[in-house]
Amino acid sequence: MKIVFMGTPDFAVPCLDEIIKRNYEVLTVVTQPDRPKGRGKKLAAPPVKETAILNNLPVIQPEKIRESQFVEQLRRLQPDCIVVVAFGQILPKSILEIPPLGCINVHASLLPKYRGAAPVNWAIINGEKKTGVTTMYMDEGLDTGDMILKKEIDIGEMTAGELYEKMAILGADLLGETLALIEKGMVKRRPQTDAESSYAPIMDKNLGRIDWSKPAKDIYNLIRGVNPWPSAYTTYKGESFKIWKSTIVNQDCHDQAGKIMKVSKDGLLVCTGEKLLNIEIVQFLNSKRMTVDEYLRGHTIEENNILGE
């Protein structure tokens, strides 16, 4: 089976590795252009490009995949199948129609729930107990194509970053199984039901701002769901700081939401709209992340102050 692989971030790398391991013929790897990264703003290659180069695979980096020149380039390659994993651009009909065995996508949710750009994050933010990976045939809609296979994973207490890594491996396993079924002509297509669908919009920095009037469990889920990016934050005496870890304390609080009830080496006990939240790992401006105990060795945080004001 001749495959064109399209992907960009770390999440897509295990899927490319799986295709290589199974000895499919990778005609080319398509990924996003190199982008400025870090404080120095030096051009950095996407992780998928780095993997392709290590495996001596040709790489194409189009700015826009809708351009006729790129579409014709793909057409000339005559792939049997195009595999798309977190590529970063929506495939037009002109590309979807090229491979006779279809364009296959690995999506990080249990479709039809959490269609869209940030399914891992929103599953955690919304307090889901389980999520998973779905392989599907792509169509012109946003993650609306017929499903092929699914695998579930328990979210537990994981952050988005931790869950993302586990789902990347899960997605690669599922892709391997899916390609084997396609090769044998044994795929059973399952249409999605729009009535059961939900949307996972792209993340932005403002999403991480904590609203202390919300219940502790919602804030706890937000802190995990935006870790490592865009990260949760609030303010103390007007100074913004990030919160990396917290735990819910099953105790009622009738004080003002955001009020620091107790400061100790175990953390900052804060009143929320429902129950208490203990903040354990913080990061103030121009500082590294550290436990509250570590921060208090060189700084002071006073009780009864209101966070977020």
Side-chain angles (χ1 to χ4, degrees), residues 7-15 31-32 34-42 44-51 85-88 106-109 114 116-128 130-133 153-172 200-211 214 216-236 239-248 267-268 277-292 294-295 307-308:
T8 301
D10 289 319
F11 182 81
V13 169
C15 285
T31 190
Q32 298 280 14
D34 296 1
R35 306 289 188 198
K37 191 176 181 182
R39 291 186 179 180
K41 297 296 180 183
K42 290 184 178 179
V48 162
K49 179 182 178 181
E50 293 176 348
T51 301
V85 187
F87 174 63
V106 178
H107 184 74
S109 82
Y114 298 108
V120 174
N121 305 85
W122 285 105
I124 295 175
I125 292 169
N126 291 339
E128 301 285 357
K130 291 178 181 291
T131 185
V133 181
I153 186 171
D154 290 326
I155 295 175
E157 310 300 318
M158 284 189 278
T159 65
E162 291 164 344
L163 183 57
Y164 196 78
E165 287 181 10
K166 287 187 179 294
M167 290 178 71
I169 303 302
L170 191 71
I202 195 167
M203 310 288 283
D204 69 54
K205 291 183 179 180
N206 295 326
L207 181 64
R209 185 178 181 87
I210 293 173
D211 178 355
K214 290 189 174 182
K217 66 176 170 96
D218 290 353
I219 299 171
Y220 167 74
N221 289 336
L222 176 68
I223 291 168
R224 290 163 47 239
V226 296
N227 180 348
W229 195 89
S231 71
Y233 68 95
T234 189
T235 56
Y236 171 72
E239 182 184 352
S240 179
F241 73 97
K242 295 179 179 180
I243 299 174
W244 292 106
K245 188 179 180 185
S246 68
T247 52
I248 300 166
L268 308 178
L277 190 76
N278 193 53
I279 299 169
E280 297 172 6
I281 297 179
V282 295
Q283 185 177 10
F284 281 81
L285 195 64
N286 299 321
S287 177
K288 64 179 183 179
R289 67 176 74 180
M290 58 185 76
T291 64
V292 168
E294 289 169 333
Y295 184 77
L307 296 179

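As a basis for the values below, the full set of heavy atoms in this structure was taken, side chains included, without hydrogen atoms, waters or symmetry mates.
- Using a 30° and 60° split on the angle between ring planes, F241 and F284 fall in the parallel class, below 30°.
- How far CG of L277 is from OG of S246: 4.0 Å, rounded to the nearest 0.5 Å.
- Within the 4.5 Å cutoff, the side chain of M203 has heavy atoms near those of the I125 side chain.
- Taking 4.5 Å as the limit, some side-chain heavy atom of K166 sits within range of a side-chain heavy atom of M158.
- The CG atom of L207 sits 6.0 Å away from atom CG of L222, with the distance rounded to the nearest 0.5 Å.
- Of the options L163, V133, T131, V106, a side chain to side chain contact (heavy atoms under 4.5 Å, CB included) to L170 is made by V133 and by none of the others.
- Here the straight-line distance linking atom NZ of K245 with atom CZ of R224 works out to 11.5 Å at 0.5 Å rounding.
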- Task: Apply side-chain contact (heavy atoms from CB on, under 4.5 Å) to T235 and L307, showing your working.
- Result: CA-CA 5 Å; T235 56; L307 296 179; over 6 Å; no
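- Scanning all heavy atoms of the two residues, the minimum distance from A86 to P9 falls at O-CD, 2.9 Å.
- I124 places none of its side-chain heavy atoms less than 4.5 Å from the side chain of T159.
- Pairing each heavy atom of A172 with each of P14, the nearest pair is CB-O, 3.4 Å.
- Atom NZ in K217 sits 8.5 Å away from atom CD1 in I248 (nearest 0.5 Å).
- Side-chain contact between M290 and I281 is absent, with no heavy-atom pair separated by less than 4.5 Å.
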- Message: Using the rule given for side-chain contact (heavy atoms from CB on, under 4.5 Å), can you reason through I153 versus M167, listing the C-alpha separation, both sets of side-chain angles and the distance that settles it, and then say yes or no?
- Response: CA-CA 8 Å; I153 186 171; M167 290 178 71; 4.2 Å; yes
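- Judged by distance alone, with hydrogens and angles left aside, the side-chain atoms of E165 form no donor-acceptor pair with the main-chain N or O of E162 at under 3.5 Å.
- A pairwise comparison of heavy atoms in A12 and V48 identifies CB-CG2, 3.6 Å as the closest pair.
- Between the OG atom of S240 and the CD atom of Q283 there is a distance of 10.5 Å, given to the nearest 0.5 Å.
- Using modelled atom types, one finds a donor on one side chain and an acceptor on the other under 3.5 Å when comparing E280 with T247.
- When all heavy atoms of A108 and V120 are compared, the closest pair comes out as CB-CG2, 3.8 Å.
- Counting heavy atoms from C-beta outward, W122 and P201 have side chains that approach closer than 4.5 Å.
- Atom-to-atom distance recorded for E239:CD and T234:OG1 is 11.5 Å, nearest 0.5 angstrom.
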- Message: Before you tell me yes or no, could you show the steps for Y233 and N206 under side-chain contact (heavy atoms from CB on, under 4.5 Å), namely the whole-Å CA-CA distance, both residues' side-chain angles and the distance that decides it to 0.1 Å?
- Response: CA-CA 9 Å; Y233 68 95; N206 295 326; 4.2 Å; yes
- Message: Run V85 and F11 through side-chain contact (heavy atoms from CB on, under 4.5 Å) and show every step you take.
- Response: CA-CA 8 Å; V85 187; F11 182 81; 3.8 Å; yes
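- In this structure the side chain of Y164 never reaches within 4.5 angstrom of the side chain of P228, judged on heavy atoms.
- Considering all non-hydrogen atoms of both residues, G7 and T31 come closest at O-OG1, 2.8 Å.
- Residues P46 and Q32 share a closest heavy-atom pair of CG-O, 3.2 Å.
- Side-chain contact annotation: Y114 with N126, donor-acceptor N/O pair under 3.5 Å present.
- W229 is listed as a side-chain neighbour of K205, based on a closest heavy-atom distance under 4.5 Å.
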